[in-house]
Number of protein chains: 2
Amino acid sequence: MQRQNGVALWRQIADRIRTSIADGNYDREGKVPPELTLASEFGVNRHTVRSALAALAEEGIVRAVQGRGTLIERKERINFPISRRTRFTQGIGDQAREKEGLLLASSQETPSPDIAGRLKLPAGSKVIRLETLRKADRRPVSRASSWFAANRFGGIAEAYAKTGSITAAFEAFGVKDYVRAVTEISAVHADAQDLADLGLSPGAIVLVTRALNCDMDGAPVQYSVTRFPADLVQFTIEN
Amino acid sequence: MQRQNGVALWRQIADRIRTSIADGNYDREGKVPPELTLASEFGVNRHTVRSALAALAEEGIVRAVQGRGTLIERKERINFPISRRTRFTQGIGDQAREKEGLLLASSQETPSPDIAGRLKLPAGSKVIRLETLRKADRRPVSRASSWFAANRFGGIAEAYAKTGSITAAFEAFGVKDYVRAVTEISAVHADAQDLADLGLSPGAIVLVTRALNCDMDGAPVQYSVTRFPADLVQFTIEN
DNA sequence: CTTAAATGTCTATTGATATAGACAACTAGA
DNA sequence: TCTAGTTGTCTATATCAATAGACATTTAAG
């Protein structure tokens, strides 16, 4: 545990306690060890631990009760499988009771060279961009920007808004099936937009996927960049 | 950009500049914009930007030259493909000139229930654990703990130490080929061990993979937990 | 050589972070 | 009811983080 590194001690400790909770280290008790115990474990003052626990309480992970202790409210990470047949809603499965897909915005635009290349679009083509937010049990779990060829998928925004599902929207355009061709995964610190969209606090980690879906003829149909809160989500690749 | 959140402004700015560099936003110039420009972009004092740049200089990403500007020393992320035939050294390919695999430690031990389950070991079995560090161009790119069934792979530590390659070590035990069955990916803040092993600074992000390799008969041969510095590595899954 | 544009260094001030200690308030169990 | 164990609140002090301003030093271009 160090100081003078731009990350406050209480935040480093909050991160470690959050990880411990996610790893199930305190399952036996259902609560976090007493503040004085944590303080001596981490070698810091009790007040510093209190700051860390206050931050976790703010996130809804723990709840302090005077006289009893600090109870764990939520602990598990959602597991998100990635495969040739990656489907968001199916992937979440029964890991959450309530699942929502919200369309935040849509627009038609001229694609950047990168996106035109990924979708293999001829020069001068237009794309439709969808900005979507997905929630599981009312917590945001992903924030995606998706691009589709405008000439093939004009009106996909309305189809998505109606169903809340990409798979269903594709069906309306005659794409009965599609497969995940490539997925790139990286991790970065949350930016200002993430803090707002995903309800995170500064210093939080965001997992970023860049994915290309193709139809059964191998033609690219969707390119998306999706951001997930790392404290809530992990990926599984099954080959 | 916020204060009072446990993450110093200069570190948030350092993270954003690092990302900008990795995204190639400053490729045209080969250097970062002037301190005063960055300060007004981020809406902070020049001294705060200087702290951020000092941190990036410490990481070897930039180098400030009085009178000229702040030059970019290193920018690209290493891309690490994950597939059924995931191989570390092959995966890095020509993205780095020098590649090293170091054996830090090895031991024989009784597996935790989790690891025994992953390797499908009968009760009472022993495992061999290998602690390895891999470098590309002399920078640490991964720190792995791997477990192997002791009765089948006794002596694999020596084989790995000699070759610096798991693939080569397996061949010595008659495993001519193996495939990646499952990979889990998550992201966490670097812990004290990461800071030391991977040469990171607090607040840095670590990508964690938990992977199971099986031989051609489908029998598990290796389970490993590997930690990668997220500022240097990304993953690609090709299906 | 002169100048503009950078980075480097110094002083000073304010608010956030961390430590330390003391005591109040609440809970559960003996 | 009493007590041990726990969280809640308060005061005080030292260090770090951020802002502000001034000026020095170096580089590259005119």
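The sequence lines fix the lettering, A, B, ..., with proteins before strands; numbering per chain opens at 1.
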Open item on the list: Just the rounded figure in Å: distance from P of D:dT26 to CG of B:Leu71.
Closed with: 17 Å
Open item on the list: Between B:Lys31 and B:Ala64 (side chain of the first, backbone of the second, donor and acceptor by atom type, cut-off under 3.5 Å), is there such a pair?
Closed with: no
Task: Between D:dA17 (P) and B:Arg11 (CZ): distance, integer Å - done: 10 Å
TODO: Measure the acute angle between the ring planes of B:Phe228 and B:Phe80, then classify it against the limits of 30° and 60° as parallel, tilted or perpendicular.
DONE: tilted
Open item on the list: Any donor-acceptor pair, under 3.5 Å, between the side chain of B:His47 and the base of D:dG21, if you only look at N and O atoms?
Closed with: yes
Open item on the list: Do A:Thr236 and B:Glu184 pair up side chain to side chain, a donor and an acceptor below 3.5 Å, judged on atom types alone?
Closed with: no
Open item on the list: Of the options D:dA18, C:dA18, D:dT27, whose atoms approach the side-chain atoms of B:Val65 most closely?
Closed with: D:dT27
Open item on the list: Without decimals, in angstroms, what is the distance between A:Leu38 CG and D:dT7 C1'?
Closed with: 13 Å
Open item on the list: Can you measure B:Glu35 atom CD to D:dT27 atom P for me and round it to whole angstrom units?
Closed with: 15 Å
TODO: Round to a whole Å and report the spacing from CZ of B:Arg50 to C1' of D:dA20.
DONE: 15 Å
TODO: Answer yes when B:Glu35 and B:Arg50 have at least one side-chain N-carboxylate O distance shorter than 4.0 Å, and no when they do not.
DONE: yes
Open item on the list: When you measure from the side-chain N and O atoms of A:Arg68 to the phosphate of D:dG5, is any distance below 4.0 Å, counting only OP1 and OP2?
Closed with: no
Open item on the list: Base, sugar-phosphate or nothing for B:Thr70? Non-hydrogen atoms, less than 4.0 Å.
Closed with: sugar-phosphate
TODO: Write down the distance between CD (A:Gln66) and P (C:dA28), rounded to a whole number of angstrom.
DONE: 12 Å
TODO: Take atom CZ of A:Arg46 and atom P of C:dA22, then tell me their distance rounded to the nearest Å.
DONE: 14 Å
TODO: To the nearest Å, give me how far apart CZ (A:Phe42) and P (C:dA18) are.
DONE: 14 Å
